[in-house]
Structures are given as structure tokens and as C-alpha cells.
Amino acid sequence: MDLPQDFIERIKIQLGESYHDFLAEYEKERTYGLRCNPLKTDMEQLRSVLLENRIVPEKVPWADEGFYYPADTHPGKLPFHEAGAYYIQEPSAMIAVQLLEPKPGEKILDLCAAPGGKSTQIAGRMQGEGVLVANEVIAQRAKILSRNIERMGVRNAIVCNETPQRLAQRFPLYFDRIVVDAPCSGEGMFRKDIQSREEWSKEQVEVCAARQRDILEQAAAMLKPGGILVYSTCTFAPQENEQNAEWFVQRYPQFKLEKSERLWPHLHRAEGHYAARFRKKPIYEKNEKEQEARLSRQDKRPASAGKVRKEKKHVFYDLFAEFCTATLSQESQSCLREKIEAGQLAVFGEQFYLLPDGIDSPDGLKTERAGLHLGCCKKNRFEPSHALAMALRPSDVKQILEPEEPERYIRGEALCCGAQKGWTLVTVHGCSLGWGKASQGILKNHYPKGLRRSYL
Ligand code: SAM
């Protein structure tokens with residue numbers, strides 16, 4: 001493989017004798033991985049569905065949810081993938097969230113989040129409880145992030161399209177955990193992506209290292225005392241990894257480097273990643289108490305203070321309530337009712353959202369997705385969103401249809417459905433895939449047009 005000459009020179013010095021082993025890896029096939037989504041399935045079921053499809057998975061040693069899959073197979077084409085049961089992710093990229101150790105109920109920020117590998121892994125660990133703010137600075141990439149959050153059935157994420165600086169103004173000392181999976185020189189992408197090899201230069205490494213320090217500064221300001229920050233890159237350059245970690249603890253002595261991991265292609269059956277875990281001292285610095293008091297006043301503002309109106313009763317509320325009664329199970333209705341009582345319903349015009357618990361509306365921020373999109377009111381009826389379908393389990397609804405050929409549903413075809421009537425959750429291997437509406441023996445296909453595709 002054609003690697004940049006300056007890169008080879010540096011790696012030679014960096015790795016000493018093992019440099020030959022490293023280079024030899026670049027004549028081999030890259031590694032392929034996927035990560036189970038515990039919001040939708042479990043490792044056992046995933047393994048058996050993959051095996052049914054002649055894909056032999058092997059466990060990734062450093063990530064609880066990770067499997068390798070063989071290079072000549074295509075798990076991304078299975079309907080179970082469309083159902084959000086797993087996420088295709090390079091195995092070493094799974095290390096950052098393993099170090100982050102997210103927990104249900106926490107406030108967590110993924111500052112550089114698109115396309116969503118880390119965010120969806122974090123969401124899986126949070127089990128729908130707490131708040132995940134998934135942020136991406138590039139608008140087009142924030143849309144891709146938002147689609148992945150939707151496919152994986154995440155209920156508790158706010159997807160933003162902001163600069164780290166603006167987020168830091170909104171969320172000082174706010175998060176329990178933050179991951180900064182920083183834009184980097186991408187040396188760990190060399191086997192996968194020819195562009196990353198062509199764009200690489202010594203100068204670019206320095207530019208990336210400086211940008212990473214800027215992003216880290218903002219992350220430092222958003223972490224609560226006692227919180228955990230994980231910094232990661234998919235590059236091997238020490239300037240972007242150990243040297244930045246060193247710079248960070250010097251610049252912010254209230255942070256301690258607890259642990260760091262380096263994954264190398266010649267040592268770990270992976271493309272390569274660096275991840276460092278810092279803990280912020282549980283003591284407030286000067287000004288921080290004051291800042292936190294200001295923040296908590298801000299969070300206690302009445303709902304009407306924001307642009308978004310969180311309402312229990314809205315002009316379209318009855319249509320929404322009618323849909324819930326007809327479609328959702330009793331248990332799921334009462335769970336939703338509790339959240340609405342707690343003020344988590346947000347209505348933007350005709351669009352209904354359920355905000356994650358514990359956060360005020362994300363007013364003032366460029367927001368792609370303000371929590372779980374429930375649906376919208378049109379033509380005097382409530383139409384549930386695809387996001388809601390993806391976040392529901394079969395036990396959450398009154399009616400499901402598990403078609404024998406889910407590919408037909410994904411193509412957009414109508415299906416036969418017997419005596420069912422009304423909104424029906426279509427599933428594959430017990431995982432929600434989308435909505436259909438049953439009438440007179442036919443299930444009208446509500447799989448979003450933009451997601452439909454043909455199968456060979
Ligand atoms: N965490 C993602 C995942 O696991 O799917 C991958 C993130 S990627 C390595 C880095 C991201 O940072 C890119 O999406 C890029 O657009 C974004 N980015 C670029 N410049 C940035 C900046 N100045 N501040 C914050 N994010 C930036």
C-alpha cells in the first residue's frame with residue numbers, strides 16, 4: 001500500500017523494531033466490525049441472526065457489544081440492520097465508550113458526534129434514561145447523525161449542530177461525562193480510505209493537534225466537577241494523542257489522566273485508535289460555584305421562558321391522545337402519561353417531541369432533533385413518526401406484523417395483514433422496523449420513502 005513517505009519516516013522512529021510488523025499489516029485486509037444495539041436486541045440474538053445469514057461473528061475483546069465480521073460478507077444489507085439492531089463500526093473505535101463507562105440517568109455529551117458511532121454506543125448503555133447531547137458542527141453531517149440516532153431507536157438524545165464554543169456557553173459545568181472523538185489526521189483510516197492517505201501531511205497533523213486543543217478547552221468548561229472526559233482519535237501521531245493529553249493536564253490541573261489506551265493494527269486486530277480518560281477533581285474552582293448557580297437558575301426557568309412550548313394540553317393534544325389510546329399498550333400509555341405530566345412534551349407547530357428527562361428545551365441552539373420525535377398532526381389526525389416506530393418495542397404496541405419477507409416492506413410494498421386495523425408496528429426478528437396502517441386486509445406501507453431500497 002502506498003503510504004505517505006513522511007508518515008513512514010515518523011512511524012519508523014515511533015515504533016522502533018516493530019515498525020516492520022506495522023508496515024506488513026498494510027499489505028493485509030482491513031478489519032470489519034459491528035456493534036450490537038442493546039436498545040433493540042442482545043448479543044445472543046444478534047449472533048444467531050448473523051449466523052443464519054452465513055456471517056460468522058467473532059467477539060471484539062475490548063468492547064462488550066462488539067463483533068468482528070468477515071470481509072466478504074455484508075451485514076449492512078440485512079433488514080436486521082435497517083431495524084437498528086446493530087451499527088457497523090470499526091472495532092478499535094469502540095474503545096472510547098468502553099473507557100467512558102456511560103450510565104443510565106446521566107447527562108452525557110458527545111461533542112464531535114457524526115456519523116454517530118460513539119453516540120449510539122453511549123445511548124445503548126444509557127437505556128433511554130438521562131440526557132445524551134449529540135453534537136456535530138457540520139450541518140450535513142448532523143443530519144446523518146440524526147438519522148443514525150433514529151435508526152437505533154434512541155429516545156433520549158438531543159442532536160445539535162453547534163460549535164463547541166456555543167455549546168459551552170449554554171452548558172457550563174453541566175455534563176457528567178463527555179466524549180471528544182476529535183477530528184484528526186486519520187492515520188488509522190489509511191487501509192480503509194485512500195483519501196485519508198492523500199490528504200495526510202506533517203502540517204495537517206499540527207493543524208489537527210491545535211484544533212483538538214481548542215475543542216478540549218470547551219469540553220473542560222462543560223464537565224461537572226468529578227465528571228469523566230474521554231478524548232479519542234483514530235490517528236497514531238503523538239502530537240494528537242499523548243502530547244495533547246499531556247498539554248491538557250498541564251493546562252487544566254483540575255484534571256487527572258486516569259487511563260489511556262492505544263490500539264495498533266499489528267498488535268490488536270484493529271485499524272488503530274487512541275483514547276484517554278480524564279477525571280475532573282470533585283472540587284469547584286474559583287468562579288465555578290457561581291457559574292453552576294447561574295446554570296441551575298436557568299434550568300429552573302418556567303417552560304414558557306423558551307421558544308419551545310412544553311405543554312400538557314395543546315390544540316392538537318386530543319388527536320395525539322387518540323392515537324396513543326388506539327395504538328399503544330396500557331403500560332406504554334401510562335409511561336408516556338408520566339413523562340407528559342413531568343413536562344417532557346414539546347410541541348413545535350404541529351410536530352410533537354418528547355424531551356429527555358432532566359433537560360429544559362434546547363432553545364437557542366441549532367437543533368436537528370429535540371429528543372424523540374413522536375409525530376405530527378395533519379389533516380385532523382395524528383401521524384406517528386418513523387422515529388417513534390424505531391424506539392418502540394413490540395410489547396409497547398397493541399398490534400404488530402412480522403412479515404416473512406421484510407425486504408418487501410423495505411422496498412415499500414403493501415403487505416397482507418388479515419383482520420388488523422389501524423397503526424401496526426412492523427418488526428423483523430422482534431425489532432421494530434417501521435409503521436404500516438392496516439385496513440381491509442392490506443397493510444399500507446409507511447416506511448419512509450427516503451429509506452426504501454431494493455434488494456438483489
Ligand atoms: N464520533 C464520531 C463517530 O464515532 O461516529 C466520529 C467523529 S469524527 C472523528 C470527528 C467529527 O468532528 C467530524 O464529524 C467533524 O465534522 C467534526 N469536527 C470537525 N471540526 C470540528 C470542530 N472544529 N469542532 C468540533 N467538531 C469538529
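Whatever order the structure lists them in is the order used to number ligands and atoms, beginning at 1. Only a predicted model underlies this, so the values are computations on that prediction, with no experimental measurement involved.
- Contact between F175 and I178 at its shortest, heavy atoms only, is CB-CG1, 3.8 Å.
- Summary of contacts: the protein heavy atom closest to atom 12 (O) of ligand 1 is C112 CB, 3.4 Å.
- Remark: L15 engages I11, S18, Y19, F22, W264, H266 in a side chain to side chain contact (heavy atoms under 4.5 Å, CB included) (not counting sequence neighbours).
- For atom 23 (N) of ligand 1, the closest non-hydrogen atom on the protein side is R211 CD, 3.7 Å.
- Among protein heavy atoms, the minimum distance from atom 20 (N) of ligand 1 is reached at P183 CG, 3.7 Å.
- For ligand 1 and P164, the ligand atoms under 4.0 Å from any heavy atom of the residue are 24 (N), 25 (C).
- Checked for salt-bridge contact, K143 and E136 miss the test: no charged N lies under 4.0 Å from a carboxylate O.
- Shown in contact with I138 at under 4.0 Å from a heavy atom are these atoms of ligand 1, numbered in order with element: 16 (O).
- For ligand 1, the polar-atom distance check finds an N/O of D181 within less than 3.5 Å of one of the ligand's N/O atoms.
- Under 4.0 angstrom from ligand 1, there are no non-hydrogen atoms of A93.
- The pair E368-R147 fails the salt-bridge criterion, with no side-chain N (NZ, NE, NH1 or NH2) lying under 4.0 Å from an Asp/Glu carboxylate O.
- In terms of protein heavy-atom proximity, atom 27 (C) of ligand 1 is nearest to V137 CG1, 3.4 Å.
- Atoms of ligand 1 found under 4.0 Å from any heavy atom of K118 (numbered from 1 in listed order, with element): 1 (N), 3 (C), 4 (O).
- Scanning the protein for heavy atoms near atom 6 (C) of ligand 1, the closest one is A114 O, 3.0 Å.
- Between E258 and R277, at least one side-chain nitrogen of the basic residue sits less than 4.0 Å from a carboxylate oxygen of the acidic one, meeting the salt-bridge criterion.
- A salt bridge does not link E90 to K192: none of the charged side-chain nitrogens sits closer than 4.0 Å to a carboxylate oxygen.
- A salt bridge does not link D2 to R197: none of the charged nitrogens lies less than 4.0 Å from a carboxylate oxygen.
- Each of the atoms 3 (C), 4 (O), 5 (O) of ligand 1 lies under 4.0 Å from some heavy atom of G117.
- At least one heavy atom of A182 sits closer than 4.0 Å to an atom of ligand 1.
- For atom 22 (C) of ligand 1, the nearest protein heavy atom (residue, atom name, distance) is I215 CD1, 3.6 Å.
- Near E136, meaning under 4.0 Å from any of its heavy atoms, are these atoms of ligand 1: 11 (C), 13 (C), 14 (O), 15 (C), 16 (O), 17 (C).
- The aromatic rings of F248 and Y252 sit tilted relative to each other, their planes meeting at an angle between 30° and 60°.
- A salt bridge does not link E82 to R452: none of the charged side-chain nitrogens sits closer than 4.0 Å to a carboxylate oxygen.
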